[in-house]
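Order of listing sets the numbers, starting from 1, for every ligand and every atom in it.
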Amino acid sequence: MTKDNNTAKDRAANALWGGRFDGAPSSIMEAINASIGVDKRMAAQDLAGSTAHAAMLAAQGIISKDDEAAIQRGLKEIGKEIRDDRFTFSTALEDIHMNIEARLAELIGEAAGRLHTARSRNDQVATDLRLWLRDALGDIDALIISFQKTLLGLAEAEAETIMPGFTHLQSAQPVSFGHHMLAYVEMMGRDRGRFADARKRLNENPLGAAALAGTAYPIDRYMTAKALGFDAPMANSLDAVSSRDFALEFLGAASICAVHLSRLAEELVIWTSAGFAFVSLSDQFSTGSSIMPQKRNPDAAELVRAKSGRIVGDLNTLLMVMKGLPLAYSKDMQEDKEPVFDAYDALCLSLSAMTGMMADLGINRDALAAAAGVAYSTATDLADWLVREADVPFREAHHITGQIVKLAEGKGLTLSELSLADMQAVSPKLDETVFSVLTPAASAASRISYGGTAPDNVKTQVKLWKEKLS
Ligand code: ARG
């Protein structure tokens, strides 16, 4: 919680709403009511909203030009104080809106009291959070792009690197390491799309909805919308102050993105373990053990995996806060910011950590190639050879291949180590050309269907993505 810097004056009776009160709130009331510890992160947005509102009030003749000038001067000064860390945040003043307005009164006197004309904290806070989130979405987009570029670099360098592809975490068919990286590039591309979509819908202006019903003053909501970079004013004042679906959409998109990251994080945990040894993390992104000197732990990957749980928790928090709330504003909604900020922080850190880990990932090509060849991973290729070269129906080819796998297993050999005679004992239709499809590299290279894992496909996709991201 923010340090309580309340002055006697702040406490006496809230100067901003205390007209009908004789006494000050209990310290418990104050503690549960205050949000300044969280919402001070929106100071810049709150100042921007007030700047636009004051300019509009003056343009509409609702306040005088002189008062506007004083307000603008005061807001600028407050902005400087906050940036220089000279601003004293007070819990008694509850939230960022009242902290700034109270300071404005100290700086410019009576004119400060005119700023809140035709506005309420209800439309003010909705405006601030939309502005904050709009900036946050820009940060996230940039982080995802740099993550995608890192994955593309790996995909390009490792297009020809063959690894086992898995289903059920059992070796299934050989794939290109680059192809595996590109799978995440695609996921991140859709994540960017979801954030961009959320941004489009959130970019409408609640300011001027006032407490809930609009206002009798001749305000110009198009003017403030334009000044704040919104596409339009929100059309319904009740909706404007009481909707938080824009924040839920952000948290939904963040949850999906975090879940995507958690899957690659989990793969890093598996791939760096001694049983796999597919890849290694650099010193920069590994940690040691305080007791076992040999250990190199993938803590960052594990924490990315865990942070996805935290981000999904943030989504659930806000969904539950909003569930069943009658229109319009309820104080419950003050609890919207903490999950939004928390998810943003966790997601930015997760994206940065994943980018860092992948940027200098060590690739153990030998281990990948060896693992790609075990567990009869080219059995499907053998069946496909029978279909293609000997016109055997796929179901029958599947059965023949199963018998050959059983034979190899009994002899402790891989498929390509079996003799042609052994194979022909199962099916005389096989000839020596079958060996050309039994290596993992040949298997991967043959998968040239659109979207398939052939290294040539991977190189084409890398090129397309590079153009898309340049
Ligand atoms: N701090 C409040 C919030 O974040 C601002 C709005 C308060 N409105 C009110 N009617 N008390 O939601």
Side-chain angles (χ1 to χ4, degrees), residues 1-2 4-6 10 13-21 24-26 28-50 53 78 82 87 89-104 115-136 202 205-215 228 234 237-248 250-251 314 317-344:
M1 204 193 295
T2 324
D4 191 338
N5 290 308
N6 300 338
D10 294 338
N14 191 306
L16 298 157
W17 49 249
R20 72 189 297 279
F21 290 77
S26 116
I28 295 170
M29 179 62 221
E30 202 174 283
I32 195 170
N33 207 32
S35 57
I36 186 64
V38 173
D39 60 28
K40 63 179 171 187
R41 276 182 82 160
M42 303 191 307
Q45 290 74 22
D46 198 71
L47 289 167
S50 291
H53 185 67
I78 293 171
I82 292 174
F87 190 92
F89 293 98
S90 151
T91 318
L93 290 167
E94 211 176 305
D95 57 24
I96 187 62
H97 324 295
M98 300 212 287
N99 267 269
I100 288 178
E101 199 183 320
R103 178 65 183 141
L104 190 64
L115 172 60
H116 212 52
T117 314
R119 162 179 102 165
S120 148
R121 277 187 294 154
N122 297 350
D123 57 339
Q124 199 178 348
V125 73
T127 305
D128 291 3
L129 189 55
R130 281 173 191 261
L131 290 174
W132 189 92
L133 209 38
R134 202 173 65 189
D135 291 345
L202 79 69
N205 189 17
L207 196 59
L212 75 163
T215 176
L228 295 169
M234 290 182 77
S237 61
L238 295 170
D239 177 47
V241 295
S242 64
S243 291
R244 292 295 181 270
D245 51 323
F246 68 95
L248 289 170
F250 161 71
L251 289 169
D314 289 325
T317 297
L318 189 55
L319 281 170
M320 289 304 102
V321 165
M322 296 308 296
K323 178 188 173 298
L325 279 189
L327 303 191
Y329 178 85
S330 295
K331 189 74 172 206
D332 309 49
M333 288 158 65
Q334 175 164 285
E335 295 283 317
D336 59 356
K337 287 166 268 322
E338 213 167 340
V340 167
F341 296 163
D342 186 72
Y344 167 81

Problem - Asp342: partners by side-chain contact (heavy atoms from CB on, under 4.5 Å), with sequence neighbours left out - result: Arg310, Asp314
Do me a favour and list the nearest non-hydrogen protein atom to [atom] with residue, atom name and distance?
| atom | value |
| --- | --- |
| atom 6 (C) of ligand 1 | Tyr329 OH, 3.4 Å |
| atom 11 (N) of ligand 1 | Arg121 NH2, 3.4 Å |
| atom 4 (O) of ligand 1 | Lys337 NZ, 2.8 Å |

Exercise for the section: Might you confirm whether atom CG of Leu325 has over 12 heavy atoms from other residues, nucleotides or ligands at distances under 6.0 Å? Expected result: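 Counting neighbours around CG of Leu325, more than 12 heavy atoms of other residues, nucleotides or ligands fall under 6.0 Å, so yes.
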For [atom], which candidate among [options] holds the nearest heavy atom?
| atom | options | result |
| --- | --- | --- |
| atom 8 (N) of ligand 1 | Ile96, Leu129, Asn122 | Asn122 |
| atom 5 (C) of ligand 1 | Val241, Ile36, Asp95 | Asp95 |
| atom 2 (C) of ligand 1 | His97, Gln334, Met333 | Gln334 |

Handout entry: Aromatic ring pairing Trp132/Tyr344, orientation class (parallel under 30°, perpendicular over 60°, tilted between)
Key = perpendicular
Problem - Close N or O approach (Glu94, ligand 1; < 3.5 Å) - result: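 No - when backbone and side-chain N and O of Glu94 are compared with those of ligand 1, no distance drops under 3.5 Å.
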Handout entry: Sidechain N-carboxylate O distance under 4.0 Å for Glu101, Arg121
Key =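 A salt bridge is absent here (no side-chain N lies under 4.0 Å from a carboxylate O).
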Problem - Per-atom contacts of ligand 1 with Ser35, taking only distances under 4.0 Å to non-hydrogen atoms - result: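 Reading through ligand 1 atom by atom, the close ones are 1 (N).
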Completion exercise
Applying salt bridge (charged side-chain N to carboxylate O under 4.0 Å, His left out) to Asp336 and not counting sequence neighbours gives Arg244
Problem - Axial cation check for Phe246 ring with Arg130, 6.0 Å and 45° limits - result: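 Yes, cation above the ring, under 6.0 Å and within 45°.
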